Q: 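I'd like to ask you about the structure that follows.
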Amino acid sequence: MRTIQGVGVSAGIAIGTVRVLAAADHAVERRVIDDPQAEMDRFRAARDMAVAQLKQLRDNVAAEFGENKAELFDAHRLMLQDLDYAGCVEGLIAQDKVNAEFAVKSVAEQFAAMFAAMDSSTMQARAADVEDVSRRVMNVLQGKRDSTAQDGSIQGDAVQNGTVQNGTVQNGIAQNGESHIIFAQDLAPSETAQLDRAKVLGLVTAKGSANSHTAILARTMGLPAITGIGDAFDPTDDGHVAVIDGASGAVFVDPDEATLTECQRRKAEAEEHLSLLRKLKGKPTETKSGQRVHLYANISRPSDVAAVLANDAEGIGLFRSEFLYLEREDWPTEEIQFDAYRQVAQEMGDRPVIIRTLDIGADKQVDYFNLDHEDNPALGYRAIRICLTRPEIFKVQLRALLRASAYGNIAIMLPMITSVQEVRDAKRILEEAKSELRGEHTDFNESIQIGVMIETPASVIMADELAAEVDFFSIGTNDLTQYTLACDRQTPSLERFADPHSPAVLRMIQMTIEAAHRHGIWCGICGELGADLSLTDTFLCLGIDELSVSPTSVLPLRNVIRNH
């Protein structure tokens with residue numbers, strides 16, 4: 001057995017034979033031409049043909065995966081029609097008297113290098129897009145057939161140096177050569193969108209990233225996918241049996257019996273979950289008596305959106321934005337944060353995305369914040385307290401959130417609130433950020449919703465006054481339990497005393513819900529208790545409006561609610 005570690009970009013387990021796709025030959029000969037005008041006309045005709053192909057591909061993707069996923073190929077068409085792009089190609093043809101193929105390839109390399117050098121991961125991903133559309137134009141110029149698979153087959157040249165078994169199914173592995181795990185150096189977004197899901201079990205590439213359009217499409221298609229295996233890519237794996245785990249990024253070529261058995265067990269569990277998804281997907285989260293509850297999911301990073309959508313959550317109830325800080329060695333710039341928030345908003349479409357502002361401190365420490373040592377950090381300098389005393393940090397995040405609100409249904413949630421004044425101070429800084437963006441003529445949602453986390457006894461006691469200031473409450477039951485029962489949740493010896501089912505905690509939740517409803521705002525739960533099925537009936541009786549849980553808890557919870 002050979003084990004390879006890559007980057008998991010689309011969750012799921014696939015077991016099957018490997019088909020290695022050889023890298024396409026994109027070699028282009030430089031030729032001197034006598035008639036630059038005729039060559040420019042040739043380029044324009046090829047570009048128009050490529051645009052028409054992308055229109056067909058866009059319609060195919062929209063029909064199968066929805067309009068929001070098809071927008072990628074609208075962007076590809078606009079890229080080809082961009083005056084700067086076309087002008088550079090035609091300028092090279094006119095000045096250097098080179099053939100159109102060479103001019104397109106040269107300009108593509110120039111634009112791709114420019115995008116790859118940018119700080120924004122979204123813009124870096126555009127490097128692959130410009131290469132993809134340019135290859136399409138070069139294929140037309142070279143007379144190659146459109147790679148859009150009209151018959152649903154897998155496109156590309158397979159390395160024929162492995163033997164695929166025929167005719168039987170052994171140990172749950174398809175042996176008939178019909179379905180494969182695709183190994184490739186890289187896959188362009190258009191190539192990924194054209195794969196026939198009936199014939200592809202999963203994807204493994206040497207290059208690529210979690211933020212690439214190829215990764216996003218793989219998640220949309222429900223294909224387990226792993227990128228970034230680098231030099232471990234080996235064409236001689238063609239025809240061998242492999243297991244891939246799209247969550248962990250692990251690849252097992254010629255797995256031993258123990259590994260295969262364990263992966264088959266996990267795959268069966270996933271298929272059972274998928275069966276539940278098919279049964280409940282699109283069904284309203286409401287009780288038999290018609291009580292409706294919004295069922296959202298919690299995430300920590302943009303790549304988690306795939307699991308949110310795969311589990312049919314109605315929105316994101318908690319995006320823990322501090323992970324943008326925790327996973328870096330220096331401050332995330334406004335552009336980096338905007339990039340992350342926009343990506344999530346766009347992928348979620350019209351579904352709500354509630355983003356919690358920076359919640360650093362206590363058990364989440366970041367060296368470059370240079371926070372002083374505290375004997376009791378749970379009661380110390382954390383979350384909103386950092387933001388209000390270091391507004392230069394807070395405003396960067398608020399500007400990024402506001403800018404991203406122009407791309408989706410974003411709401412802002414303030415953590416660790418203990419007083420009305422804290423909310424007013426935060427709103428004042430938010431208004432300053434709004435004023436700056438208006439002066440810069442930058443679009444944002446003027447009516448963006450603001451909510452607070454209820455996770456301290458003080459916020460429960462002041463819930464009526466707080467409700468007059470905000471649009472919603474979200475109860476953080478982990479900290480609320482800790483502060484209500486005076487038990488540090490990081491101390492194992494206190495576990496028997498830190499009972500989240502305590503009547504005191506449940507009464508705090510009841511008081512919060514009642515205060516919210518008195519003032520006409522909604523109230524949800526985003527802590528661990530939200531997924532505690534033994535309390536679901538209690539929360540429904542208390543009138544909870546929303547529950548936000550881990551993505552994998554969404555469907556079991558929906559099932560319980562629908563049977564209440």
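Not measured: the values here are computed from a predicted model.
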Q: Show the numbers, then the answer: is there a side chain to side chain contact (heavy atoms under 4.5 Å, CB included) between Leu398 and Phe394?
A: CA-CA 6 Å; Leu398 293 177; Phe394 193 30; 3.8 Å; yes
Q: Tell me if a side-chain donor or acceptor on Asp499 pairs with a main-chain N or O of His501 at a distance below 3.5 Å.
A: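 Side chain of Asp499 to backbone of His501: a pair is present.
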Q: Heavy atoms only: give me the nearest Cys263-Val243 pair and the separation to one decimal.
A: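 Looking at all heavy atoms of both residues, the closest pair is SG-CG1, 3.5 Å.
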Q: So Glu314 and Thr285, side-chain hydrogen bond (donor to acceptor under 3.5 Å, both in side chains) or not? Walk me through it.
A: CA-CA 9 Å; Glu314 299 167 32; Thr285 306; 2.8 Å; yes
Q: Does a salt bridge link Arg558 with Asp312, judged by any charged N lying under 4.0 Å from a carboxylate O?
A: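 Looking at Arg558 and Asp312, the cut-off is met.
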Q: Report, as yes or no, whether the 6.0 Å neighbourhood of atom CZ on Arg507 holds more than 12 heavy atoms from other residues, nucleotides or ligands.
A: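 Result for CZ/Arg507: open.
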Q: Mind checking the CD-OG spacing from Gln343 to Ser303? Nearest 0.5 Å is all I need.
A: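 With rounding to 0.5 Å, CD (Gln343) is 8.0 Å from OG (Ser303).
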Q: Is a side-chain N or O of Asp471 found less than 3.5 angstrom from the main chain of Ile450, in a donor-acceptor match?
A: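 Between the backbone of Ile450 and the side chain of Asp471 there is a qualifying donor-acceptor contact (under 3.5 Å).
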Q: For Gln337 and Glu334, indicate whether the former's side chain and the latter's backbone hold a donor-acceptor pair under 3.5 Å.
A: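 No, the answer is negative, given that no donor and acceptor are paired below the 3.5 Å cut-off.
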Q: Counting C-beta onward and ignoring hydrogens, is there a side-chain heavy-atom pair between Leu540 and Gln291 closer than 4.5 Å?
A: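 A side-chain contact exists here, since the closest heavy-atom pair is under 4.5 Å.
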Q: Output yes when Arg266 and Asp245 qualify as a salt bridge under the 4.0 Å nitrogen-oxygen rule, no when they do not.
A: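 Salt bridge: yes.
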Q: For Arg265, is there an ion pair with Glu262 - N to carboxylate O distance below 4.0 angstrom?
A: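 Salt bridge: yes.
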Q: When the ring planes of Tyr296 and Trp522 are compared, do they come out parallel, tilted or perpendicular, using 30° and 60° as the limits?
A: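 Rings of Tyr296 and Trp522: perpendicular, as their planes differ by over 60°.
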Q: Do any N or O atoms from the side chain of Thr389 and from the backbone of Arg385 form a donor-acceptor pair under 3.5 angstrom?
A: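 Yes, Thr389 side chain to Arg385 backbone: donor-acceptor pair under 3.5 Å.
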Q: Please examine the side chains of Pro500 and Glu528, heavy atoms only from C-beta on, and report whether any two atoms are closer than 4.5 Å.
A: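 Not in contact.
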Q: For Ala297 and Val554, which heavy atoms make the closest approach, and how far apart are they?
A: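 In this case the closest contact between Ala297 and Val554 is CB-CG2, 4.4 Å.
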Q: For the pair Asn559 and Lys279, evaluate side chain to side chain contact (heavy atoms under 4.5 Å, CB included) and give the outcome as yes or no after the intermediate values.
A: CA-CA 10 Å; Asn559 199 39; Lys279 174 184 173 184; 4.2 Å; yes
Q: Would you kindly say whether Asn478 and Gln482 are connected by a side-chain donor-acceptor distance under 3.5 Å?
A: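 There is no such pair between these side chains.
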Q: Less than 4.0 Å between a side-chain N and a carboxylate O, is that true for Asp359 and Arg320?
A: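 Salt bridge flag = no for Asp359 with Arg320.
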Q: Going by heavy atoms in the side chains, are Arg424 and Gln421 under 4.5 Å from each other?
A: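 The answer is yes; the side chains approach within 4.5 Å.
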Q: Quiz question: by atom type and distance under 3.5 Å, do the side chains of Asn298 and Ser548 form a donor-acceptor pair?
A: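 Short answer, yes.
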Q: Below 4.5 Å, heavy atoms only, C-beta onward: do Ile475 and Cys526 meet side chain to side chain?
A: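 The answer is no; the side chains never approach within 4.5 Å.
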Q: For Thr477, is there any backbone N or O sitting under 3.5 Å from a side-chain donor or acceptor partner on Thr481?
A: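 Looks like yes, one N/O pair under 3.5 Å.
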Q: I'd like to know if the side chain of Glu271 pairs up with that of Ser275 as donor and acceptor (distance under 3.5 Å, no hydrogens or angles considered).
A: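 Ser275 and Glu271 do not have a side-chain donor-acceptor pair below 3.5 Å.
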Q: Yes or no on side-chain hydrogen bond (donor to acceptor under 3.5 Å, both in side chains) for Ser447 and Asn445, after CA distance, side-chain angles and deciding distance?
A: CA-CA 5 Å; Ser447 57; Asn445 179 9; 3.1 Å; yes
Q: Identify whether the distance between the nearest side-chain nitrogen and carboxylate oxygen of Glu469 and Lys427 falls below 4.0 Å.
A: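 Looking at Glu469 and Lys427, the cut-off is met.
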Q: Taking all non-hydrogen atoms of both residues, which atom of Phe497 and which atom of Cys487 are closest, and how far apart?
A: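 So the minimum-distance heavy-atom pair works out to CB-SG, 3.8 Å.
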Q: Could you go through Thr418 and Glu422, starting from their C-alpha distance and side-chain angles, then the distance that decides it, and tell me whether this counts as side-chain hydrogen bond (donor to acceptor under 3.5 Å, both in side chains)?
A: CA-CA 7 Å; Thr418 61; Glu422 289 169 347; 2.9 Å; yes
Q: With no hydrogens and no angle check, is any side-chain donor or acceptor of Ser405 less than 3.5 Å from a backbone partner on Leu402?
A: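 Pair found, side chain donor or acceptor close to backbone of Leu402.
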Q: If I compare all heavy atoms of Ala426 with all of Leu414, which pair ends up nearest, and what's the gap?
A: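 Answer, listing the atom of Ala426 first, then Leu414: CB-CD1, 3.7 Å.
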Q: For Val293 and Glu286, what are the C-alpha separation, side-chain angles and deciding distance, and is it a side chain to side chain contact (heavy atoms under 4.5 Å, CB included)?
A: CA-CA 6 Å; Val293 179; Glu286 65 181 23; over 6 Å; no
Q: Looking at every non-hydrogen atom in both residues, tell me the closest pair between Gln397 and Leu358 and how far apart they are.
A: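 For Gln397 versus Leu358, the nearest heavy atoms are OE1-N, 3.0 Å.
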Q: Just how far is it from atom CG of Leu480 to atom CD1 of Ile454, taken to the nearest 0.5 Å?
A: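 So the gap between those two atoms works out to 9.0 Å.
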Q: So, Arg399 and Glu440, do they make that salt bridge, N to O below 4.0 Å?
A: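 Counted as a salt bridge, because a side-chain N and a carboxylate O are separated by less than 4.0 Å.
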Q: Check whether any side-chain heavy atom of Lys281 sits under 4.5 Å from a side-chain heavy atom of Leu555, and report yes or no.
A: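 With C-beta onward as the side chain, the pair stays apart.
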Q: Under the side chain to side chain contact (heavy atoms under 4.5 Å, CB included) rule, what do Val452 and Phe473 come out as? Steps first, then yes or no, please.
A: CA-CA 5 Å; Val452 296; Phe473 287 160; 3.5 Å; yes
Q: Any chance you could measure Ile181, atom CD1, to Leu203, atom CG, to the nearest 0.5 Å?
A: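 Here the rounded value is 9.5 Å.
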Q: Say whether, by atom type as modelled, one donor and one acceptor occur between the side chain of Arg301 and the main chain of Phe319 under 3.5 angstrom.
A: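 No; zero donor-acceptor contacts below 3.5 Å.
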Q: Quick one: CG on Leu401 to CD1 on Ile412, what's the gap to the nearest 0.5 Å?
A: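 With rounding to 0.5 Å, CG (Leu401) is 5.0 Å from CD1 (Ile412).
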Q: Within the 3.5 Å criterion, strictly below it, is a donor on Asp545 or His294 matched to an acceptor on the partner's side chain?
A: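 No.
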Q: Does Asp350 CG have over 12 foreign heavy atoms under 6.0 Å away?
A: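 No, the 6.0 Å shell around CG holds no more than 12 heavy atoms from other groups.
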Q: Do the side chains of Glu335 and Arg403 get close enough for a salt bridge, i.e. N-O under 4.0 angstrom?
A: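 Yes.
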Q: Out of Ile410, Asp304, Val353, Ile355, which one pairs with Val344 under the side-chain contact (heavy atoms from CB on, under 4.5 Å) rule?
A: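 Considering Ile410, Asp304, Val353, Ile355, a side-chain contact (heavy atoms from CB on, under 4.5 Å) with Val344 is found only for Val353.
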Q: Are Ser474 and Met413 packed together at the side-chain level, in the sense that at least one heavy-atom pair is separated by less than 4.5 angstrom?
A: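 In short, these two side chains touch, coming nearer than 4.5 Å.
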Q: Check whether any side-chain heavy atom of Arg562 lies under 4.5 Å from a side-chain heavy atom of Lys288, and answer yes or no.
A: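 Arg562 vs Lys288: side chains apart.
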Q: Verify, without hydrogens or angle tests, whether Lys395 (side chain) and Ile429 (backbone) share a donor-acceptor contact under 3.5 angstrom.
A: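 Not confirmed, Lys395 side chain does not pair with Ile429 backbone.
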Q: Please tell me if the side chains of Leu318 and Ile316 come closer than 4.5 Å, counting only heavy atoms from C-beta onward.
A: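 SC-SC contact between Leu318 and Ile316 ruled out.
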Q: Return the CG to CG distance between Leu506 and Leu542, rounded to the nearest 0.5 Å.
A: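 Reported to 0.5 Å precision, the distance equals 7.5 Å.
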Q: Please give me the minimum heavy-atom distance between Ala515 and Ala463, naming the atom from each residue.
A: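 Minimum heavy-atom separation between Ala515 and Ala463: CB-CB, 3.5 Å.
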Q: Looking only at side-chain N and O atoms, does Tyr341 offer a donor or acceptor that is under 3.5 Å from a partner on Gln346?
A: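 The answer is no; no qualifying pair exists.
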Q: So, does Thr484 use its side chain to make a donor-acceptor pair with the main chain of Thr456 at under 3.5 Å?
A: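 Judged by distance alone, no pair lies under 3.5 Å.
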Q: Out of curiosity, Thr536 OG1 to Asn563 CG, how far, rounded to the nearest 0.5 Å?
A: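 Between atom OG1 of Thr536 and atom CG of Asn563 there are 11.5 Å.
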Q: Less than 3.5 Å apart, any donor N or O on the side chain of Tyr407 or Glu347 sitting next to an acceptor on the other?
A: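 Looking only at side-chain atoms, Glu347 and Tyr407 do not form any donor-acceptor pair under 3.5 Å.
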